[in-house]
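See below for the structure under consideration.
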Amino acid sequence: MHAATASESTRQRYRTHAAAFAAWTNREVGAVTVSELFRLEVIERYIEIGMPEAKESTRATRRSILRRIARHAHPILSVAPSPEPIAYRRVRVPYAAHEVASYFRLADAQPTDGRRTSLMAVLSLGLGCGLDCSDLGWVRGSTSGPAMTASR
């Protein structure tokens, strides 16, 4: 038996969940083979319909256990199809190092701690996420004029 079901109490709990699932399936669908029983669609239907008064945590536990049994009972049927791979696209770095340094100098030159902190946060989030100027907006300013204006 699999390492996750090595203890007797775990095996007993798995058998209890599998028996309740099999009994429900037999009532709802009729006699089925093991390969028909442990299909992800049947498990999901049981969780949604067959456990109407169960708490969400109980449903999650039961779903996890039944899926684990399905993987071991019939690995090929229980595997969901893989999604199409996402094509790799090289991302252009939106700001050069000297631009980033100038933005942080601008933030550091703000007249109040609140403005300094706010602008540092905006820059850190925007630059850290790799947002470019069309996402973040143009940040302009000088230490002699208005501290910061942002526009699209």
Side-chain angles (χ1 to χ4, degrees), residues 1-104 106-107 110 113-140 148-152:
M1 185 153 273
H2 189 264
T5 57
S7 75
E8 184 56 40
S9 62
T10 301
R11 283 195 294 273
Q12 181 60 40
R13 193 178 73 206
Y14 277 38
R15 280 194 295 266
T16 300
H17 290 308
F21 172 59
W24 176 85
T25 306
N26 193 38
R27 281 193 312 274
E28 294 294 315
V29 180
V32 294
T33 64
V34 172
S35 62
E36 294 169 332
L37 175 67
F38 285 107
R39 294 178 54 119
L40 294 179
E41 306 86 44
V42 178
I43 293 171
E44 286 305 315
R45 186 168 171 221
Y46 169 66
I47 298 300
E48 305 261 332
I49 299 168
M51 304 176 65
E53 285 103 34
K55 294 179 186 176
E56 192 55 41
S57 60
T58 303
R59 290 172 189 247
T61 300
R62 182 77 51 100
R63 177 183 290 116
S64 174
I65 288 172
L66 291 174
R67 284 183 171 190
R68 190 171 296 133
I69 292 170
R71 279 194 303 273
H72 293 290
H74 221 316
I76 294 176
L77 288 177
S78 65
V79 174
S82 299
E84 290 295 318
I86 297 172
Y88 174 74
R89 183 173 61 93
R90 190 168 204 63
V91 178
R92 182 180 62 84
V93 177
Y95 296 103
H98 72 278
E99 291 176 305
V100 172
S102 67
Y103 289 141
F104 278 104
L106 173 67
Q110 297 301 302
D113 284 340
R115 281 186 157 186
R116 256 189 307 282
T117 302
S118 295
L119 188 52
M120 289 280 194
V122 167
L123 289 172
S124 296
L125 291 170
L127 297 172
C129 294
L131 301 178
D132 63 15
C133 55
S134 64
D135 295 321
L136 187 60
W138 290 100
V139 178
R140 291 175 284 171
M148 178 186 82
T149 60
S151 63
R152 285 225 175 246

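For the single chain, residues carry numbers from 1 onward in sequence order. Computed from a predicted structure; not experimentally measured.
- When every heavy atom of Leu123 is checked against every heavy atom of Ala107, the shortest pair comes out as CD1-CB, 3.9 Å.
- The two residues Leu106 and Gln110 come nearest to each other via the heavy atoms O-NE2, 2.9 Å.
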Please report the C-alpha distance between Arg11 and Arg15 in whole Å, then the side-chain angles of each, then the deciding distance to 0.1 Å, and finally whether the side chain to side chain contact (heavy atoms under 4.5 Å, CB included) criterion is met. CA-CA 6 Å; Arg11 283 195 294 273; Arg15 280 194 295 266; 3.9 Å; yes
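- Take Glu99 and apply the salt bridge (charged side-chain N to carboxylate O under 4.0 Å, His left out) test, not counting sequence neighbours, and it matches no residue.
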What donor-acceptor contacts under 3.5 angstrom involve side-chain atoms of residues 24-32, with partners at least two apart or in another chain?
unit_1	atom_1	unit_2	atom_2	d
Thr25	OG1	Phe21	O	2.9
Asn26	OD1	Ala31	N	3.4

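- Looking only at distances, no side-chain donor or acceptor of Ser64 sits under 3.5 Å from a matching main-chain atom of Ala60.
- Residue Arg39 holds its CZ atom at 12.5 Å from CZ of Arg45, rounded to the nearest 0.5 Å.
- Under the 4.5 Å side-chain criterion, counting only non-hydrogen atoms from C-beta, Arg13 is in contact with His17.
- Considering OG1 of Thr117 and CE of Met120, their distance stands at 8.0 Å, rounded to 0.5 Å.
- One finds the CD1 atom of Ile65 at 13.0 Å from the CZ atom of Arg67 (value rounded to the nearest 0.5 Å).
- For Arg116, the salt bridge (charged side-chain N to carboxylate O under 4.0 Å, His left out) partners two or more places apart in sequence, or in a different chain, are Asp113.
- Classification of Arg59 and Glu48 as a salt-bridged pair fails, no side-chain N sitting under 4.0 Å from a carboxylate O.
- Taking OG1 from Thr58 and CZ from Arg63, the interatomic distance works out to 11.5 Å, rounded to the nearest 0.5 Å.
- Thr10 and Ser7 make their closest contact through OG1-OG, 2.7 Å (heavy atoms, listed as atom of the first residue, atom of the second, distance).
- Contact between Ala18 and Ile69 at its shortest, heavy atoms only, is CB-CD1, 4.0 Å.
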